[in-house]
> 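Pasting in a structure now, in C-alpha cells, and then I'll have a few things to ask.
Numbers here are sequence positions counted from 1.
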Amino acid sequence: MPRLSEVIAALETLWPAERAESWDAVGTVVGDPGQEVSRVLFAVDPVQEIVDEAVKLGADLLVTHHPLYLRGTTTVAASTFKGRVVHTLIKNDIALHVAHTNADRADPGVSDALAGALDLRVVRPLVPDPTDPDGRRGLGRVCEFDHPLTVRELAARAAERLPATAQGIRVAGDPDAPVRTVAVSGGSGDSLFDDVRAAGVDAFLTADLRHHPASEFMAAHAHRPLALLDAAHWATEWPWCELAASQLDEISDRHGWDLRVHVSTTVTDPWTAHAASATVLPTSAAHASSPSSPTTAPAESASRAPSDPPGAPN
C-alpha cells in the first residue's frame, strides 16, 4: 500500500505544479505525507457534500479540480464552510490534492477529456504552451469532426454526452449553420475569444459565457458566422475526473499499488432547476432557439476498477 507522498509524486508527474497559472493554488492542501492510501476519490469541487461522500466511501485521498482556498484565508475555523471542509478531512484522515490550471494545460488535460466526451478529434491546443516543444500542451483544444454537424446537432450531442445540469446547453448563432471545426475549453472560456478568432473555427464550446463579451463576439463575426455553445462549468470539467482516474489506475497497476479509484457523480453545479420561457420573443432566424425542459442529474458515486474503460456515466 503506497504512502500519500508516493501517490502525490505520481500525480505531480501528470500535473506539475509549476505549470499552473501564477494566480492559481494547486497541490496538496491537507494530508500527512506518511499516511497510507488505498482508496482515492476524484471530483470537481472540494465542497462539503463531496467531502462527506469521501468519508462515507472510506477514501484516504480526495483529488479535486477546483482549489479549496484560491485566494488564501486567515482562518480554518469550522464555523466557516471551508473551515468545516478542512476539519472533516483531517478528522477522517483524508488528504486533499488539487490539480487546476496545471491539469487544464496538461497533455492529456481537461479539454482533451471534454473533446473525448463529445467524440471530437483533437487537432492541437487552442493556446499552445510555449514550453512544450511537441506543441501538445496548452489551454483549450481545436477539434475536427469525421463528418460535419450543424450547430443544433452539436448542441444536442453536448446535451446528451455531458452530465445533465439545470442549464443544459445555450447557443448563440444560426442553429442550422454547418460546423467542421470547433474549439473547446473546459470551464470559463470567454477570456479565450481572441484565440478562438485566430483559430478560424466554426464554433466554440465552453462555459460561463457572459452577456457583453458574448454579444460583442457575435457582433464582430457578423460577416463570418461563428457559433457559441455555453454549457455548465461543472459539466465541462467533470469528464476530466474520469480521465484522471484512468491515469491513476494505470500508475497503480504499474507500481502494484492496487488502489481503488472512484469518480464522484454528485452534481455540484450550483444551479438546481431551469424554468423554460413561456413565450419566445420574435427574433431573427440566426438567433432562434427553442425552450428546453428542466433537467436533473444523478447524485451518487461511481466506483471504477482498473479494468473499467473510460466513460462518462450521466
> Are the aromatic rings of His233 and His66 close, with centres under 6.0 Å apart?
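Aromatic pair counts; centres sit under 6.0 Å.
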> Using a cut-off of 6.0 Å, state whether more than 12 heavy atoms not belonging to Arg197 lie near its atom CZ.
yes
> Keeping the roles fixed (side chain from Thr206, backbone from Gly187), state whether a donor-acceptor pair exists under 3.5 Å.
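Checking the backbone N and O of Gly187 against the side chain of Thr206, a donor-acceptor pair under 3.5 Å is found.
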> With sequence neighbours excluded, tell me which residues meet salt bridge (charged side-chain N to carboxylate O under 4.0 Å, His left out) with Asp176.
Arg152
> Could you report the tightest heavy-atom contact between Trp15 and Asn102, atom names first, then the distance?
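Taking Trp15 first and Asn102 second, the nearest heavy atoms are O-ND2, 2.9 Å.
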> Working to the nearest 0.5 angstrom, can you tell me the gap between Glu216 CD and Arg210 CZ?
10.0 Å
> Does the Gln35 side chain pair with the main chain of Asp32, one donor and one acceptor, at a distance under 3.5 Å?
yes
> Counting only pairs under 3.5 Å, give me each side-chain donor-acceptor contact of residues 16-25, with atom names and distances, residues two or more places apart or in other chains.
unit_1: Asp24; atom_1: OD1; unit_2: His100; atom_2: ND1; d: 2.9
unit_1: Asp24; atom_1: OD2; unit_2: His100; atom_2: ND1; d: 3.1
unit_1: Asp24; atom_1: OD2; unit_2: Thr101; atom_2: N; d: 2.9
unit_1: Asp24; atom_1: OD2; unit_2: Thr101; atom_2: OG1; d: 2.6

> Looking at Gly138, is its backbone amide N or carbonyl O close enough to the side chain of Arg141 to form a donor-acceptor pair, meaning the two atoms are under 3.5 Å apart?
yes
> Within the structure provided, determine whether Val201 and Val182 are in side-chain contact (heavy-atom separation under 4.5 Å).
no
> Do you know which two heavy atoms are closest between Ala232 and Asp269, and how far apart they sit?
CB-OD1, 3.6 Å
> Is there a donor-acceptor pair closer than 3.5 Å between any side-chain N or O of Asp45 and the backbone N or O of Val47?
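Such a contact is absent between Asp45 side chain and Val47 backbone.
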> Which heavy-atom pair separates Val123 from Glu144 by the least distance, and what is that distance?
CG2-CG, 3.4 Å
> With no hydrogens and no angle check, is any side-chain donor or acceptor of Thr73 less than 3.5 Å from a backbone partner on Thr75?
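Looks like yes, one N/O pair under 3.5 Å.
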> CG/Asp52 to CZ/Arg84 distance, rounded to the nearest 0.5 angstrom?
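Rounded to the nearest 0.5 Å, the CG-CZ separation comes out at 6.0 Å.
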> Will you find, in the side chains of Glu49 and Thr268, an N or O donor that is under 3.5 Å from an N or O acceptor?
no
> Could you check whether the rings of Trp238 and Trp234 sit parallel, tilted or perpendicular, using 30° and 60° as the cut-offs?
tilted
> Determine whether a donor-acceptor pair (N or O, by modelled atom type, separation under 3.5 Å) exists between the side chain of Arg180 and the backbone of Phe145.
no
> Take a 6.0 Å sphere around CZ of Arg254 and say whether it holds more than 12 heavy atoms from other residues, nucleotides or ligands.
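Yes, the 6.0 Å shell around CZ holds more than 12 heavy atoms from other groups.
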> Using the side-chain contact (heavy atoms from CB on, under 4.5 Å) rule, take Ile8 and Leu11 through it: C-alpha gap first, then chi angles, then the decisive distance, then the call.
CA-CA 5 Å; Ile8 295 303; Leu11 297 182; 4.3 Å; yes
> Checking the side chain of Glu250 only, and the main-chain atoms of Gln247 only, is there a donor and an acceptor separated by less than 3.5 Å?
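Answer holds: no.
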> Is the shortest heavy-atom distance from the side chain of Val261 to the side chain of Ser252 under 4.5 Å?
no
> Tell me, do Leu259 and Leu248 make a side-chain contact under 4.5 Å, heavy atoms counted?
yes
> Using 0.5 Å steps for rounding, measure from the OG1 atom of Thr80 to the NZ atom of Lys82.
9.0 Å
> Going hydrophobic residue to hydrophobic residue with side-chain gaps under 4.5 angstrom, can you get from Ile90 over to Val55?
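Yes: a chain of side-chain contacts under 4.5 Å links Ile90 to Val55.
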> Start with the C-alpha distance between Leu162 and Leu118, add both sets of side-chain angles, then the distance that settles side-chain contact (heavy atoms from CB on, under 4.5 Å), and finish with yes or no.
CA-CA 8 Å; Leu162 296 180; Leu118 300 177; 4.2 Å; yes
> Please report the shortest heavy-atom distance between Pro46 and Pro67, naming the atom on each side.
CG-O, 3.7 Å
> If hydrophobic clusters are built from ILVMFWY residues whose side chains come within less than 4.5 Å, do Leu209 and Trp271 share one?
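Different clusters.
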> With a 4.5 Å cut-off on side-chain heavy atoms, are Asp230 and Ile169 touching?
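No. Closest side-chain heavy atoms not under 4.5 Å.
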> Looking at Arg137 and Asp107, is there a salt bridge between them, counting it only when a charged N and a carboxylate O are closer than 4.0 Å?
no
> Start with the C-alpha gap between Leu126 and Leu139, add the side-chain angles, then the distance that decides, and say whether side-chain contact (heavy atoms from CB on, under 4.5 Å) holds.
CA-CA 6 Å; Leu126 177 62; Leu139 297 176; over 6 Å; no
> Group every Ile, Leu, Val, Met, Phe, Trp and Tyr by side-chain heavy-atom contacts under 4.5 Å, then state whether Val98 and Tyr69 land in the same group.
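Yes, one cluster joins them.
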> Go through Leu229 and Arg170 one step at a time and tell me if the side-chain contact (heavy atoms from CB on, under 4.5 Å) criterion holds.
CA-CA 6 Å; Leu229 292 90; Arg170 299 190 302 176; over 6 Å; no
> Do you reckon Val76 sits in the same ILVMFWY cluster as Val85, going by side-chain contacts under 4.5 Å, direct or chained?
yes
> Just so I know, are the side chains of Val40 and Arg260 near enough to count as touching, which here means a heavy-atom distance under 4.5 Å?
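Counting from C-beta outward, Val40 and Arg260 never come under 4.5 Å.
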> First locate atom OG1 of Thr181, then atom CG of Leu120, and finally report the distance between them rounded to the nearest 0.5 Å.
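Spacing of OG1 (Thr181) from CG (Leu120) equals 11.0 Å.
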> Please determine whether a side-chain nitrogen of the Lys or Arg among Asp60 and Arg39 lies less than 4.0 Å from a carboxylate oxygen of the Asp or Glu.
no
> Given side chains that start at C-beta, do those of His97 and Leu61 come closer than 4.5 Å, heavy atoms only?
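A side-chain contact exists here, since the closest heavy-atom pair is under 4.5 Å.
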> Taking C-beta and beyond as the side chain, do Cys143 and Arg121 meet within less than 4.5 Å on heavy atoms?
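Side chain of Cys143 against side chain of Arg121, heavy atoms only: no contact under 4.5 Å found.
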> Treating Asp195 as the side-chain partner and Val127 as the backbone partner, does any N or O pair qualify as donor plus acceptor under 3.5 Å?
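Side chain of Asp195 to backbone of Val127: no pair is present.
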> Can you see which heavy atom on Val37 is nearest to which on Leu4, and at what distance?
CG2-CA, 3.7 Å
> To the nearest 0.5 Å, tell me how far Asp104 CG sits from Asp129 CG.
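The CG atom of Asp129 is 12.0 Å from CG of Asp104, to the nearest 0.5 Å.
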> Rounded to the nearest 0.5 Å, how far apart are NE2 of His87 and CG of Asn92?
12.5 Å
> List the atom of Gly140, the atom of Ser111, and the distance in Å for their closest heavy-atom pair.
CA-OG, 3.4 Å
> Would you say Leu149 and Val171 are hydrophobically clustered, going by side-chain heavy atoms of ILVMFWY under 4.5 Å?
yes
> In terms of ring plane angle, is the pair His65 and Trp240 parallel, tilted or perpendicular, where the classes change at 30° and 60°?
tilted
> Between Phe42 and Thr64, is any pair of side-chain heavy atoms under 4.5 Å apart?
no
